[in-house]
There are 2 protein chains.
Amino acid sequence: MTENLTLQMDDYLPLRDVVFNTLREAILKGELKPGERLMEMHLANKLGVSRTPIREAIRMLEQEGLAVTIPRKGAQVAKMTEKDLQDVLEVRDALDALAVVCACNRMSDAQFVELKEAMKGFEDATKTDDVRRIVEADEAFHDVIYAAAANPKLENIINSAREQMYRYRYEYVKNPSVYQQLIAEHKSIIEGFDRRDVEFLKDIMHTHLSNQINAVREVIREQK
Amino acid sequence: MTENLTLQMDDYLPLRDVVFNTLREAILKGELKPGERLMEMHLANKLGVSRTPIREAIRMLEQEGLAVTIPRKGAQVAKMTEKDLQDVLEVRDALDALAVVCACNRMSDAQFVELKEAMKGFEDATKTDDVRRIVEADEAFHDVIYAAAANPKLENIINSAREQMYRYRYEYVKNPSVYQQLIAEHKSIIEGFDRRDVEFLKDIMHTHLSNQINAVREVIREQK
DNA sequence: TCTTTGCATTTTGTATTCAATCTGCTTTTA
DNA sequence: TAAAAGCAGATTGAATACAAAATGCAAAGA
């Protein structure tokens with residue numbers, strides 16, 4: 001349920017954007033669960049704004065694939081079927097392959113240093129029990145690669161694909177037995193960039209992604 | 001059972017969606033040009049609705065990448081730089097490759113027939129001077145392939161990428177000298193599906209797409 | 001018992017209103 | 001003259017008001 005949704009007022013950011021970010025975060029963190037209704041009045045009261053910015057935020061969530069609205073019935077947090085997840089992963093697989101190829105050709109020395117630091121940050125994070133921190137460290141690692149690909153359109157599209165599955169991924173990351181494997185894969189990725197070995201990189205990224213699918217599949221199955 | 005449940009479904013489509021479709025079409029057809037301001041009052045008067053559905057439609061266009069809004073200054077039709085176009089094409093190249101691989105594995109016999117018919121439809125269209133019809137026939141041909149890929153998420157993402165460049169593509173298609181080449185390429189694609197030759201298909205799709213880039217690049221250059 | 005109907009309530013769709021901000025122009029002032 | 005200040009109109013941001021549709025439930029009818 002929607003117990004403690006609060007707005008953080010970044011001054012001068014239109015309310016619709018503040019609301020959008022708030023709802024987006026809530027959906028990704030699982031505070032708003034798939035299938036949960038997004039009732040305008042309810043959200044407006046909760047967030048202390050009128051319905052107008054709520055409605056605009058919902059339109060944005062809709063286009064991002066995080067919400068679905070049925071005309072005259074209202075919006076709800078998007079549910080994903082197993083098929084949907086498979087579809088998204090298929091797309092991410094292709095896009096990650098592209099990203100890694102681009103990044104391999106375009107990564108600067110500074111960015112390579114950044115990547116190694118992000119790798120270290122992830123390793124440190126796994127030593128804590130803070131799942132949120134671990135997830136964020138993993139995202140940060142991949143963000144460096146996407147940034148190095150120097151293709152903002154690609155980055156956008158990958159992010160939207162990532163978003164759609166992240167709320168199902170928490171469960172996967174909660175299991176500490178996978179940390180060592182993740183660390184090893186990240187290390188391989190760094191090695192691949194060091195050698196500028198595109199084929200190796202595409203391969204390891206594919207493995208890296210595939211490992212998540214079964215875990216996430218479990219979560220989705222439980223959803224029923 | 002009652003028979004005509006869907007009498008005038010358009011009456012049931014919320015105005016925001018009608019406005020969204022209208023503006024989207026106008027942008028893709030070039031009636032609203034890149035950089036042109038989208039003023040709420042102006043559009044509201046023009047379309048005979050209030051500002052509310054206009055604002056919601058603009059939020060949707062924004063997420064689709066067709067409009068850009070600066071807070072407190074308003075929205076405008078998104079401009080694309082040469083770099084943006086290159087970036088989108090890079091992404092489409094990867095996604096089309098994926099689509100063609102999926103389609104190759106999953107295409108039904110009925111869909112293959114459909115593809116051949118779409119091919120014929122395109123060939124016929126090129127015999128007219130109706131650029132709009134030619135463009136639509138080309139899109140229809142590719143739609144069959146995307147549908148055969150049986151991955152709605154992929155289809156969505158490809159469509160959004162296509163949209164972003166279509167308004168720059170009209171100029172390319174206006175030049176009749178490219179028709180024969182397009183027809184030949186479409187024939188090759190059909191041949192590839194017939195042989196189920198994935199590598200050949202990926203290659204021809206890449207060529208098919210690359211041919212567009214220089215023409216579109218010209219158009220963008222003129223935009224300045 | 002199982003529909004059907006009517007009605008009150010909730011919720012969404014759209015318009016309108018009011019407030020804040022931006023823009024361009026004119027006036028002031030150093 | 002050039003920069004700053006001030007002001008009016010235009011435009012966006014957000015709240016409120018009103019209309020239309022969906023929902024749930026209880027009573028009526030078969």
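Chain identifiers are assigned alphabetically (A, B, ...) following the order of the sequence lines, protein sequences preceding nucleic acid strands; residue numbering begins at 1 within each chain. Any value given below was found using the heavy atoms of this structure, including those in side chains, with hydrogens, waters and symmetry copies removed.
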Practice task
May I have the distance from B:Met39 (atom CE) to D:dA10 (atom P), rounded to whole angstrom?
Solution key: 11 Å

Completion exercise
B:Arg55 CZ to D:dT12 P, in whole Å, measures 8 Å

Exercise for the section: Inspect the contact between B:Glu163 and B:Arg24 and indicate whether a charged nitrogen and a carboxylate oxygen are less than 4.0 angstrom apart. Expected result: yes

Practice task
Specify the closest pair of heavy atoms between A:Ala125 and A:Ile134, including all atoms of both residues, with the distance to one decimal.
Solution key: O-CG1, 3.3 Å

Handout entry: Residue pair A:Met60 / A:Leu23, side-chain heavy-atom distance below 4.5 Å
Key = no

Exercise for the section: Using atom types as modelled and distance alone, determine if a side-chain donor or acceptor of A:Tyr179 lies under 3.5 Å from a backbone N or O of A:Val173. Expected result: yes

Handout entry: Heavy-atom contact window of chain B on DNA chain C, given 5' to 3' at under 4.0 Å
Key = C:dG13 to C:dT23

Practice task
Select base, sugar-phosphate, or nothing to describe what A:Leu38 touches, counting heavy atoms under 4.0 Å on all strands.
Solution key: sugar-phosphate

Fill in the blank from the handout: note: B:Ile54, atom CD1; D:dG13, atom C1'; distance rounded to Å ~ 16 Å

Practice task
Between B:Glu56 and B:Met41, name the one whose nearest nucleotide on DNA chain C is closer to the 5' end.
Solution key: B:Glu56

Problem - Ionic contact status for A:Glu62 with A:Arg59, cut-off 4.0 Å - result: yes

Exercise for the section: Determine whether B:Asp96 and B:His208 make a side-chain contact, defined as any pair of heavy atoms from C-beta on separated by less than 4.5 Å. Expected result: no

Problem - Sequence-aligned protein contact record of nucleotides 15-25 of chain D, with B where the base is within under 4.0 Å of a protein heavy atom and S where only the sugar-phosphate is - result: BBB---SSS--

Exercise for the section: Could you check how far CD of B:Glu40 sits from C1' of D:dA14, rounded to whole Å? Expected result: 11 Å

Exercise for the section: Decide, yes or no, whether a salt bridge links B:Arg167 with B:Glu36 under the criterion of side-chain N to carboxylate O below 4.0 Å. Expected result: no

Exercise for the section: For A:His186 and A:Asp138, test the side chains for any donor-to-acceptor distance below 3.5 angstrom and give the result as yes or no. Expected result: yes

